[in-house]
**Q** 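Take this structure first; my questions come after.
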Amino acid sequence: MTERKKITLPSLFQKVAQGDPITMLTCYDFPTAFFQEQAGIDMILVGDSLGMTVLGYDTTLPVTMADMIRHSQAVRRGSPTSWLVGDMPYMSYQPSVESAIRNAGRFMAEAFCDAIKLEGGAEMADRMAGIVAAGIPAMGHLGLTPQSASALGGFKVQGRGAAQAKKIMDDAKALEGAGAFAILLEMVPDRVCKLITERAENCFIISLGAGPDAHGQLLIFHDMFGLFPKFKPKMAKVYGDAGKVILEGLKNYASEVHNGSFPQPENWFKIKDQEYDELLDLLD
Ligand code: KIV
């Protein structure tokens with residue numbers, strides 16, 4: 001296991017102050033969390049994107065609190081020292097401030113997360129403020145917010161027009177005013193992200209397809225390694241084709257079982273001759 005000290009909110013802000021970019025990835029399971037821990041990733045998001053990447057839904061909307069808690073627990077077991085952010089699923093915070101605080105608390109108490117993330121701007125500032133007032137660090141999410149994809153007209157870049165960009169900037173300020181420690185900007189034009197980053201005073205900005213000028217970067221793990229077969233978003237960079245390796249391995253396995261070259265003696269277990277003879281006697 002790593003020797004790394006626990007990442008804390010002060011240590012993240014220290015990185016920001018030093019101009020050291022923050023690394024953040026999505027993660028949904030124990031082995032991947034273990035590797036991300038070894039790689040020294042600062043922040044891990046147990047995203048409700050797991051609904052698409054792991055559970056095979058077409059959107060994130062069917063994801064439940066139970067799904068999120070179970071996956072967050074597994075990730076925490078694999079990565080004890082990262083700053084772990086639990087993503088609040090659809091309708092776990094939209095109905096009321098009370099529901100938002102209660103469900104945010106579950107991520108902390110049941111999955112040992114360090115923080116939560118929720119989607120939305122000024123209209124969610126009261127949920128954000130309530131969660132922060134309950135002592136739970138909270139991260140905002142602006143730009144393309146997948147839980148509102150229907151209202152946004154699909155999975156599209158947000159803030160290309162000046163008026164929409166200004167709204168995103170105002171939303172960022174509203175979330176910062178509500179106490180967000182960080183804001184994720186997803187699929188927002190680079191220069192809009194730069195303006196928001198320059199104006200952030202008490203929070204830091206993480207980019208997902210929003211350019212290089214944020215305080216940190218986020219990628220979806222499954223996009224990085226060819227593990228999401230349906231499509232590859234433009235902003236994703238592929239660092240290795242694990243999907244191809246897995247598919248080739250599966251085909252080899254199937255053909256070896258068919259042609260009898262698997263299993264070999266090293267793949268099974270033996271019983272001693274004497275025990276086997278005794279067994280035969282017992283059967284007689
Ligand atoms: O659920 C998720 O993984 C997210 C990303 C799109 C950042 O919110």
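When a ligand or atom number is given, it counts from 1 through the structure's own listing order.
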**Q** Evaluate the side chain to side chain donor-acceptor pair (under 3.5 Å) criterion for residues E110 and Q73: first the C-alpha distance (whole Å), next the side-chain angles of each, then the deciding distance (0.1 Å), finally the verdict.
**A** CA-CA 7 Å; E110 297 176 38; Q73 288 168 335; 5.1 Å; no
**Q** Below 4.0 angstrom, N of the basic side chain to O of the carboxylate: do K173 and E176 qualify?
**A**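 Salt bridge: yes.
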**Q** For ligand 1, which of its N or O atoms have a protein N or O partner closer than 3.5 Å, and how long is each gap?
**A**
unit_1, atom_1, unit_2, atom_2, d
ligand 1, 1 (O), D48, N, 3.0
ligand 1, 1 (O), D48, OD1, 2.8
ligand 1, 1 (O), S49, N, 2.8
ligand 1, 1 (O), S49, OG, 3.3
ligand 1, 1 (O), D87, OD2, 3.0
ligand 1, 3 (O), S49, OG, 2.5
ligand 1, 8 (O), D87, OD2, 3.4
ligand 1, 8 (O), K117, NZ, 2.9

**Q** Could you tell me whether D114 and R76 make a salt bridge, using a distance below 4.0 angstrom between a side-chain N and a carboxylate O?
**A** yes
**Q** Below 4.0 angstrom, N of the basic side chain to O of the carboxylate: do K194 and D190 qualify?
**A**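 Not counted as a salt bridge, because no side-chain N and carboxylate O are separated by less than 4.0 Å.
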**Q** According to the interplanar angle, ranging from 0 to 90°, do the rings of F225 and Y239 count as parallel (below 30°), tilted (30 to 60°) or perpendicular (above 60°)?
**A**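 Tilted, since the angle between the ring planes falls between 30° and 60°.
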**Q** Under the side chain to side chain contact (heavy atoms under 4.5 Å, CB included) test, which residues partner A129, sequence neighbours left out?
**A** A178
